Amino acid sequence: MTRIAFILLCHKDPEAVIRQARGLAASGDAVVVHLDARAALADWRLLQEGLSGHEGIALVRRRQRCGWGAWSLVAATISALRLGLEQFSDATHFYLVSGDCMAIKSAAHAHDRLQADPADWIESVDFFESGWIKTGMREERLTRWHLFNERDRKRLFYASLALQGRLGIARAIPADIRPMIGSQWWCLRRATVEAVLRFLDARPDVRRLFRWSWIPDETLFQTLVRHLVPREEIRSRSPTFLTFTDYGMPATFHNDHYDLLLGQDALFARKISPGATGLRARLRDLWASGRRDFPTGGDGRLLHGFLTERGRIGLRFAPRAWDSGGSLGAGRELLLVISHKRHVAKRLMGSIKHHTGLRAFDYLFDEEVADLPPMGGIEHGLAKRSRHRRATLRLLYELHATDRIALCIDPSRIDLIRDVMKDKAALRLLEIDAGIDDTYLRAHAVRSALAGESDAGLDLLMPTLRQQMEAETRELREAGFAGHYRLVEGAGAEENGAALRAFLEITPELARDIAETPHLFDD
């Protein structure tokens with residue numbers, strides 16, 4: 001008789017994880033939960049209270065600090081698998097899911113499907129010849145030593161790779177191993193999991209190969225299952241349906257995607273929007289329904305791509321993120337440096353990046369040219385970025401796998417501040433209080449195309465410009481925003497350091513170093 005042990009990897013929203021785990025276990029299946037050690041202690045305690053002692057659910061106590069693309073994700077999976085083998089001796093299958101995954105079939109259907117086909121469901125194609133990797137590093141994922149995480153320590157990550165390339169350093173792949181690659185979401189039989197773990201224990205050279213590789217969750221299990229299991233017992237596809245948007249990000253499913261999801265030849269889907277409460281409730285009910293008659297809807301990836309593309313011309317299948325005023329997300333922080341003197345703000349932002357490594361951007365909502373990564377086109381043009389502000393910011397959080405971003409804005413952008421204040425994200429402001437003299441006003445008028453270099457009427461324009469800037473500053477201060485700090489030209493390093501310390505939440509020493517940035521207020 002089939003019993004699935006779900007390996008549930010999560011890093012946020014403990015209430016949703018509790019509902020998810022209890023719902024899966026209610027069908028008679030088992031769940032092993034691993035919460036990222038980076039999560040808040042309060043989240044871990046809430047998870048313990050909600051799941052400890054619950055029949056069919058086990059919590060991994062020795063948790064990993066998980067980083068995207070890092071070995072820690074594999075280590076977390078292995079720890080959960082070992083616990084699942086120990087705690088649930090009657091589990092026949094182990095299914096890896098995330099907190100964003102939900103079932104799109106009933107438990108009865110899933111059990112029937114796995115019982116009828118004694119195989120392992122894992123996408124596993126040749127690492128070098130399949131073309132599975134579309135962009136970025138290929139061979140170097142395995143043949144270089146990846147000592148730093150690209151998302152957390154980008155500069156060191158690429159410096160290390162460049163140095164290894166110059167020195168001709170290349171790691172050897174064990175002769176009996178043929179590297180494979182595929183989706184990290186799989187469902188394996190108990191015997192396969194046991195064989196993989198035994199192999200890793202017996203072969204430290206193979207474990208070391210993947211321990212220091214890049215994105216090993218897409219290669220380790222895919223390689224070892226193919227190495228240990230006969231080809232005819234492998235279904236080289238993921239049992240979890242996922243697709244990507246036209247921005248190259250994993251598509252998020254919303255309330256009106258229910259019928260599309262049910263029609264897919266898969267057991268689960270990723271990613272279900274946290275805000276899609278209606279869809280989540282229907283899918284929880286579906287898992288417990290006992291239903292066995294499911295429609296076939298064809299290739300969901302093609303259908304999703306077609307319908308979302310049509311949404312641009314008014315035949316919407318699901319709202320675009322910016323149409324629904326999407327949230328930046330709870331737990332995220334946006335730090336805004338506000339100044340009319342853009343060169344001063346940029347100089348400060350450069351110093352902040354240098355001293356803290358914070359993901360920071362200049363005036364991306366005020367200037368046409370912005371140093372942004374590829375984002376599917378939304379990064380091109382000030383008008384598009386400004387029209388889709390939350391979407392732009394949300395993509396930056398996701399692309400850089402961070403919950404903390406800083407950017408510069410003009411004081412006239414108080415509408416952006418008010419917009420974000422309504423969001424779930426935390427917001428802090430640092431106003432740069434720098435003197436505005438006539439020389440600066442003249443240069444500003446020329447840069448803004450309000451006047452030419454030799455415009456004789458420029459003197460008549462100056463009072464209006466000054467009044468406008470003063471009014472914008474006054475409106476900002478009178479708005480009474482919480483978390484509003486000021487960096488004042490002429491103030492001492494101690495005073496400005498205190499403002500930077502509160503704004504950035506850094507040590508007094510680091511704040512003082514930034515406050516003493518050479519020529520910070522120079523024109």
Side-chain angles (χ1 to χ4, degrees), residues 10-17 35-47 65-68 99-100 151-152 252 273-275 321-322 324-339 345 348-349 352-353 355-365 385 388-411 413-432 476-487 496-508 510-511 514:
C10 54
H11 66 279
K12 61 181 179 180
D13 200 352
E15 294 92 344
V17 173
L35 177 68
D36 190 342
R38 295 174 185 261
L41 181 59
D43 288 351
W44 172 239
R45 288 174 175 166
L46 184 60
L47 206 61
R65 291 178 60 84
C66 296
W68 188 91
D100 293 324
R151 297 294 175 94
D152 297 335
T252 300
S273 170
W322 44 84
S324 58
S327 169
L328 300 183
R332 285 176 169 166
E333 296 180 58
L334 181 62
L335 310 180
L336 298 180
V337 174
I338 309 168
S339 178
L348 176 66
M349 194 65 85
I352 289 173
K353 287 191 284 189
H355 285 91
T356 69
L358 180 67
R359 295 289 183 185
F361 306 89
D362 292 338
Y363 288 85
L364 62 90
F365 295 121
R385 293 194 300 271
H388 308 314
R389 292 180 301 210
R390 291 199 200 184
T392 300
L393 292 172
R394 190 164 59 255
L395 284 169
L396 287 174
Y397 284 116
E398 293 172 354
L399 283 170
H400 292 290
T402 183
D403 289 327
R404 205 162 186 249
I405 281 178
L407 64 125
C408 302
I409 65 168
D410 193 273
R413 285 290 185 175
I414 197 168
D415 58 331
L416 170 63
I417 300 173
R418 289 197 169 106
D419 186 27
V420 177
M421 288 291 284
K422 301 173 187 175
D423 203 274
K424 299 175 182 177
L427 178 69
R428 288 198 295 279
L429 316 175
L430 181 68
E431 175 194 353
I432 298 179
L476 174 67
R477 294 175 183 174
E478 291 176 353
F481 295 125
H484 181 174
Y485 307 96
R486 290 171 64 187
L487 198 72
N496 282 339
L500 286 164
R501 183 170 70 251
F503 174 67
L504 296 169
E505 294 185 336
I506 54 177
T507 64
L510 199 56
I514 297 173

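This chain uses plain numbering: 1 for the first residue, then up along the sequence. These numbers were taken from a predicted model, which means no experiment stands behind them.
- Separation of atoms CG (Asp362) and CD1 (Ile409) is listed at 13.0 Å; rounding is to 0.5 Å.
- Around CZ of Arg477, the count of heavy atoms belonging to other residues, nucleotides or ligands within 6.0 Å exceeds 12.
- Of all non-hydrogen atoms in Met349 and Cys408, the two that sit nearest each other are CE-SG, 3.5 Å.
- For the ring-ring contact (aromatic ring centres under 6.0 Å, His included) test, residues two or more places apart in sequence or in another chain that qualify with Phe361 are His400.
- The nearest pair of heavy atoms linking Gly331 to Asp403 is O-CB, 3.8 Å.
- With sequence neighbours left out, His484 forms a ring-ring contact (aromatic ring centres under 6.0 Å, His included) with no residue at all.
- Closest heavy-atom contact between Ala511 and Leu500: O-CD1, 3.7 Å.
- A heavy-atom distance below 4.5 Å is found between the side chains of Leu334 and Tyr397.
- When every heavy atom of Asp43 is checked against every heavy atom of Pro14, the shortest pair comes out as OD1-CG, 3.6 Å.
- Results of the side-chain contact (heavy atoms from CB on, under 4.5 Å) test with Arg404 over Arg359, Arg332, Glu505 single out Glu505 as the only residue that passes.
- When all heavy atoms of Ala502 and Tyr485 are compared, the closest pair comes out as CB-CE2, 3.4 Å.
- A distance-only check finds a donor-acceptor pair linking the side chain of Arg428 to the backbone of Phe503 [under 3.5 Å].
- Remark: Arg385 pairs with no residue by the side-chain hydrogen bond (donor to acceptor under 3.5 Å, both in side chains) rule, at least two apart or across chains.
- For the atom pair CD1 (Ile414) and CG (Leu476), the distance works out to 5.5 Å, reported to the nearest 0.5 Å.
- Within the 4.5 Å cutoff, side-chain heavy atoms of Leu393 are placed close to those of Phe365.
- For Arg65, the side-chain contact (heavy atoms from CB on, under 4.5 Å) partners are Ala37, Arg38, not counting sequence neighbours.
- Two residues are said to be in side-chain contact when any heavy atoms from C-beta on lie closer than 4.5 Å; Leu396 and Leu407 fail this criterion.
- Residue Ile338 holds its CD1 atom at 9.5 Å from CD1 of Ile432, rounded to the nearest 0.5 Å.
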Item checked: Derivation and outcome, side chain to side chain contact (heavy atoms under 4.5 Å, CB included), residues Asp415 and Arg389 -> CA-CA 11 Å; Asp415 58 331; Arg389 292 180 301 210; 3.0 Å; yes
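- For the atom pair NZ of Lys12 and CG of Leu35, the computed distance is 12.5 Å after rounding to the nearest 0.5 Å.
- Counting heavy atoms from C-beta outward, Val337 and Leu348 have side chains that approach closer than 4.5 Å.
- Atom CG in Leu47 sits 9.5 Å away from atom CD in Glu15 (nearest 0.5 Å).
- Partners of Arg418 under the side-chain hydrogen bond (donor to acceptor under 3.5 Å, both in side chains) rule, at least two apart in sequence or in another chain, do not exist in this structure.
- Here CG of Asp419 is found 11.0 Å from CZ of Arg413. Values are rounded to the nearest 0.5 Å.
- When the side-chain contact (heavy atoms from CB on, under 4.5 Å) test is applied to Thr356, the partners found at least two apart in sequence or on another chain are Ile352, Leu358, Ile506, Leu510, Ile514.
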